[in-house]
Amino acid sequence: MPKLVDHDERRRHIAAALWRIASTRGLDGASLRDVAAEAGMSLGQLQHYFRSRGDMLVFALDHINELAAGRIRERVLATAGTPSPRTVLREIVAEMLPLDDNSRSGVLVQIAYFMQAVHDERLRRHAKEGIPLLRALFAEQIRQAIGRGEVAADRDPETEAMLLICLVDGLTSYTLLDVQTPQEALRLADAHLDRLFTP
């Protein structure tokens, strides 16, 4: 009887191989053949799942984002009662920062992906789609906090959301360069949220 293959699991296995390459040496020199070798399969097998390098990169980034969203949900749901907007924002920010080996690898993969997206129109279009969604999520939490009297009413949710995204990007860069420790990055993010959540 032929062996049943879980195609989604195989795609995730290939994505994990791509992440290992991206987190150690970037994606510039990573060909489909390199990823196939890292995944322990032939190039033909890999191409059965991904017809092009672009397809593979898009799937890998989407999968990273799905895993991150799952971890955020777990963290938020682990809090007692209904989580406040500040708690939701804090957990998302903590997930975005490179605070441990796993999140550091994920961030390095995303950076490698974004470097490719600068020169690849399809990847750039895909990468840009995520920012408005993240900004809308942050803005909605800030809007709720204003309604609850936790954030000053004169704060613009859209502006504050984008400032928070930019802060996290900057903290991420300096943490990866060892300008600051992960703990310092999280402390600075908390300090920003403390200022924002002062009505």
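This is a predicted model, so every value here is computed, not measured. In what follows, every heavy atom counts, from backbone to side chain, and hydrogens, waters and symmetry copies are set aside.
Heavy-atom minimum distance, P85 versus F197: C-CZ, 4.1 Å. Of all the heavy atoms in T159 and R135, the pair that sits closest is N-NH2, 4.2 Å. Of all heavy-atom pairs between P157 and I146, the closest is CG-CD1, 3.9 Å. A pairwise comparison of heavy atoms in A60 and L18 identifies CB-CD2, 3.4 Å as the closest pair. Across every non-hydrogen atom of V107 and M96, the tightest pair is CG2-O, 3.7 Å. Heavy atoms only, all atoms of each residue included: F50 and M56 are closest at CD2-CA, 3.6 Å.
Residues H13 and M41 form a side-chain contact, since some pair of their non-hydrogen atoms from C-beta on lies under 4.5 Å apart. Put simply, the side chain of V88 does not reach to within 4.5 Å of the side chain of Q144, judged on heavy atoms. No side-chain heavy atom of W19 sits less than 4.5 Å from a side-chain heavy atom of L108. With a 4.5 Å cut-off on side-chain heavy atoms, R148 and S84 count as touching. For the pair E184 and V179, the minimum side-chain heavy-atom distance is 4.5 Å or more.
L43 and L57 fall within a single hydrophobic cluster, where Ile, Leu, Val, Met, Phe, Trp and Tyr are joined by side-chain heavy atoms under 4.5 Å apart, directly or via other members. By the criterion of side-chain heavy atoms lying less than 4.5 angstrom apart, applied directly or through intervening Ile, Leu, Val, Met, Phe, Trp or Tyr residues, L137 is grouped together with L89 in one hydrophobic cluster. Hydrophobic clustering of Ile, Leu, Val, Met, Phe, Trp and Tyr side chains at less than 4.5 Å, counting indirect connections, unites L99 with L193. In the hydrophobic cluster analysis, where Ile, Leu, Val, Met, Phe, Trp and Tyr join through side-chain heavy atoms closer than 4.5 angstrom, Y113 is grouped apart from L97. A single hydrophobic cluster is seen to contain both V93 and I142, as judged by linkage of ILVMFWY side chains at heavy-atom distances under 4.5 Å, directly or through other members.
Heavy atoms of other residues, nucleotides or ligands lying less than 6.0 angstrom from CZ of R124 number more than 12. A 6.0 Å sphere centred on OH of Y174 holds no more than 12 heavy atoms belonging to other residues, nucleotides or ligands. Counting non-hydrogen atoms of neighbouring residues, nucleotides and ligands closer than 6.0 angstrom, the CE atom of M115 reaches no more than 12 such neighbours.
In this structure, the separation between OG1 on T82 and CG on L77 is 10.5 Å, given to the nearest 0.5 Å. A distance of 11.5 Å separates CD1 of I64 from OG of S103, quoted to the nearest 0.5 Å. Between D62 atom CG and E129 atom CD the span is 9.0 Å, to the nearest 0.5 Å. For the atom pair SG (C166) and CG (L171), the distance works out to 11.0 Å, reported to the nearest 0.5 Å. Note that CG of L196 and CG of L164 are 7.5 Å apart. Values are rounded to the nearest 0.5 Å. The distance from the CZ atom of R11 to the CG atom of D8 is 6.0 Å, given to the nearest 0.5 Å.
Between D190 and R187 there is no salt bridge, since none of the side-chain N atoms of the basic residue sits less than 4.0 Å from a carboxylate O of the acidic one. Under the 4.0 Å criterion applied to side-chain N and carboxylate O atoms, E150 and R86 are not assigned as salt-bridge partners. Salt-bridge formation is detected for the pair R125/E121: a Lys NZ or Arg NE/NH1/NH2 atom is positioned less than 4.0 Å from an Asp or Glu carboxylate oxygen. Remark: R143 engages E158 in a salt bridge, criterion side-chain N to carboxylate O under 4.0 Å.
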**Study point:** Chi angles and distances behind the salt bridge (charged side-chain N to carboxylate O under 4.0 Å, His left out) call for R122, D55
**Key:** CA-CA 10 Å; R122 177 187 174 206; D55 290 344; 2.8 Å; yes

**Study point:** Residues I111, L176; criterion side chain to side chain contact (heavy atoms under 4.5 Å, CB included); working and verdict
**Key:** CA-CA 11 Å; I111 289 171; L176 290 174; 3.2 Å; yes

**Study point:** Steps toward side chain to side chain contact (heavy atoms under 4.5 Å, CB included) verdict (I14, F59)
**Key:** CA-CA 10 Å; I14 293 167; F59 176 85; over 6 Å; no

Exercise for review: Walk me through it: do I131 and M162 pass the test side chain to side chain contact (heavy atoms under 4.5 Å, CB included)?
Suggested key: CA-CA 9 Å; I131 301 302; M162 201 64 209; 4.1 Å; yes

Point to revise | salt bridge (charged side-chain N to carboxylate O under 4.0 Å, His left out) evaluation trace for D101 with R104 | key: CA-CA 5 Å; D101 289 341; R104 184 180 179 92; over 6 Å; no

Check your understanding: So V35 and R53, side chain to side chain contact (heavy atoms under 4.5 Å, CB included) or not? Walk me through it.
Key -> CA-CA 10 Å; V35 177; R53 190 169 180 271; over 6 Å; no

**Study point:** Check against side chain to side chain donor-acceptor pair (under 3.5 Å), T172 and D169
**Key:** CA-CA 5 Å; T172 294; D169 283 349; 5.4 Å; no

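Among R73, R71, R90, the single residue meeting the salt bridge (charged side-chain N to carboxylate O under 4.0 Å, His left out) criterion with E95 is R71.
A side-chain N or O of D34 and one of S31 form a donor-acceptor pair less than 3.5 Å apart.
Note: H7 and Y49 have tilted aromatic rings, judged against thresholds of 30 and 60 degrees for the angle between ring planes.
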